[in-house]
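Input: a single structure, listed below in structure tokens.
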2 protein chains.
Amino acid sequence: MGDRAAKDALFDAFAEVARALASGRRAEIVDVLAQGERSVEQIAAEIDQRVANTSHHLRAMARAGVLRTRREGTRIVYMLASERIGDMWAAMRDVAAEHVAGINELADAYVGDRSALEPVSRRELEARLKAGDVVVLDVRPAVEYAAGHIPGARSVPVSDLRRLRSLAKDTEIVAYCRGPYCVYADEAVRQLRRRGFAAKRLEDGYPEWKRAGLPIAVGAGQ
Amino acid sequence: MGDRAAKDALFDAFAEVARALASGRRAEIVDVLAQGERSVEQIAAEIDQRVANTSHHLRAMARAGVLRTRREGTRIVYMLASERIGDMWAAMRDVAAEHVAGINELADAYVGDRSALEPVSRRELEARLKAGDVVVLDVRPAVEYAAGHIPGARSVPVSDLRRLRSLAKDTEIVAYCRGPYCVYADEAVRQLRRRGFAAKRLEDGYPEWKRAGLPIAVGAGQ
DNA sequence: TCGATATTCAAACTACTACTTGAATATCGG
DNA sequence: CCGATATTCAAGTAGTAGTTTGAATATCGA
């Protein structure tokens, strides 16, 4: 007991969890799976990688314990092993946002200039939802809405946004999507503003809302 | 905006934070620094590594943003960049405890058999501290006690435990140390029991107590 | 300024990791 | 059982990480 070899082995095991997220592509995978389970092919498409390479990453992560699989007919569906993985990913992202030099420049390069988008905090959105003076749009793909969304939000994937007609010009709109580094809500807000609506984005996204213990709704509804 | 290269760069930056903890030795370093700042030499001693190698790890971690340094005369003192690093380490450890196959066997191999030690939860210790029917011992080195401890706890490093005299045989003792995988409290409980005391250990340690937002005290006192 | 102490650098070796390509395996619908 | 689809395996390459050794640098106290 207490010898160096045993201690090393224990901490190596802890480190394996970090190693499972210690590559940009694997971080992307966790970010995608935080929205819900996906097949290998879907994940490969989202992270812009070959299927074989994606499969390799997925298996490694599953071996490390952070992912689980389920068979669905001919395809294998991967998912986060538990919600605690999402907590860890959020902690990691927050640490990066706080401490990694240049992360803001990288974020800007990816999401573009956000200064005009006036992000709304969770707390503020919660209050305004209660007051009922805001229309909330979930601009993620419809399957993600169905897997869970903010109660009262309407599902309008960015791709369908043009078809949106039934909104008074004077109602204020808040759009949300996958998280702080997701561009769907940005795109939606820009488009809505061009059409004359008063639109803002939620500062983060659905997973953060859920993680904060705020009420959620599930199903295709609305 | 939104192109693959920018997205890859952003997520690579997130991954760098994970990479900073993706080795057993670096995980040990975070675990040590969660107790308070340390010089390179002290850290090297705690993780049983050469100073040069330790320095190498420390610099890499500082470059990634998870550590900060301070000069103190001839030595460089390293510390966690912020408490959020500790949160991330805790999330990582919890994920490992929940999902990594064989982690319990590795932990047993390191800390020995704990089944007889009857760990006490934070909640329970809090209640019993309020009721005043328990003696709490902080069995970490004295400097760590001084950097922060549970209010009302008495500082008795394991090495000094033999000298402890002034305790009635019928008072119940709860010992705590650095965390769930720290062996000081285990050793203390075993020793106290051999001497006829009713001793148990806190299930985790001081950092978890603090992270849970429970009251803490600072200073050499008592 | 000089010696002692603490830390970092440089070079070298070994081992591992990410990604690609092409083949192999498993399931489903007919 | 067969073909089509989805996923995984195997082998190879290029690049990166962990550790060791010995030298270099920086600060302090005299």
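All of these numbers come straight from a predicted model, not from anything done at the bench. Numbered from 1 within each chain, the chains take letters A, B, ... in sequence-line order.
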Protein-nucleic acid N or O pairs under 3.5 Å, nucleotides 19-24 of chain C:
| from | atom 1 | to | atom 2 | distance (Å) |
| --- | --- | --- | --- | --- |
| dC19(C) | OP2 | Asn53(A) | ND2 | 3.3 |
| dC19(C) | OP2 | His57(A) | NE2 | 2.4 |
| dC19(C) | O5' | Asn53(A) | ND2 | 3.2 |
| dT21(C) | OP2 | Arg50(A) | NH1 | 2.3 |
| dT21(C) | OP2 | Arg50(A) | NH2 | 3.4 |

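Between His57(B) and Arg26(B), the side chains place a donor N or O and an acceptor N or O closer than 3.5 Å (distance only, hydrogens not considered).
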Subject >> Verdict with reasoning, His149(A) to Ser155(A), per side-chain hydrogen bond (donor to acceptor under 3.5 Å, both in side chains) >> reply: CA-CA 9 Å; His149(A) 55 265; Ser155(A) 174; over 6 Å; no
**OP:** Begin from the C-alpha positions of Asp108(B) and Arg114(B) and carry the test salt bridge (Lys or Arg N to Asp or Glu O under 4.0 Å) through to its verdict.
**Re:** CA-CA 8 Å; Asp108(B) 286 353; Arg114(B) 244 177 201 172; over 6 Å; no
Original post:
Where do Asp31(A) and Arg178(A) land on the salt bridge (Lys or Arg N to Asp or Glu O under 4.0 Å) test, with the steps shown first?
Top reply: CA-CA 8 Å; Asp31(A) 198 48; Arg178(A) 294 173 171 176; over 6 Å; no
**OP:** In sequence, state the C-alpha distance, the side-chain angles, and the governing distance for Val30(A) and Leu21(A), and then conclude on side-chain contact (heavy atoms from CB on, under 4.5 Å).
**Re:** CA-CA 8 Å; Val30(A) 173; Leu21(A) 306 200; 3.4 Å; yes
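The stretch residues 66-75 of chain B touches DNA chain D through Arg71(B), Gly73(B), Thr74(B), each having a heavy atom under 4.0 angstrom from the strand. For DNA chain D, the residues of residues 39-48 of chain A within the heavy-atom distance limit of 4.0 Å (strictly under) are Ser39(A), Val40(A), Glu41(A), sorted by number.
In this structure, the side chain of Trp89(A) does not engage the main chain of Ala34(A) through any donor-acceptor pair within 3.5 Å. Side-chain atoms of Thr54(B) come within 3.5 Å of backbone N or O of Arg50(B) as a donor-acceptor pair.
The separation between Leu58(A) atom CG and dA6(D) atom P is 16 Å, rounded to whole Å. Atom-to-atom, CD of Glu16(A) to C1' of dC16(C) comes out at 13 Å; the value is rounded to the nearest Å. Rounding to whole angstrom units, CZ of residue Arg59(B) and P of dG18(D) are separated by 15 Å. In this entry the distance linking CG of Asp12(A) with C1' of dG18(D) reads 11 Å, nearest Å.
Taking side-chain N and O atoms only, Tyr78(B) has a distance below 4.0 Å to OP1 or OP2 of dT8(C). In this structure, Arg26(B) does not reach the dA17(D) phosphate: none of its side-chain N or O atoms is under 4.0 Å from OP1 or OP2.
A 6.0 Å sphere centred on CD of Glu98(A) holds more than 12 heavy atoms belonging to other residues, nucleotides or ligands. With a 6.0 Å radius and a threshold of 12 heavy atoms from other residues, nucleotides or ligands, Arg162(A) has its CZ atom at or below the threshold.
Taking the six-membered ring for Trp, Phe14(B) and Tyr181(A) have ring centres closer than 6.0 Å.
Under a 4.0 Å N-O distance rule, the pair Glu208(B)/Arg93(B) qualifies as a salt bridge.
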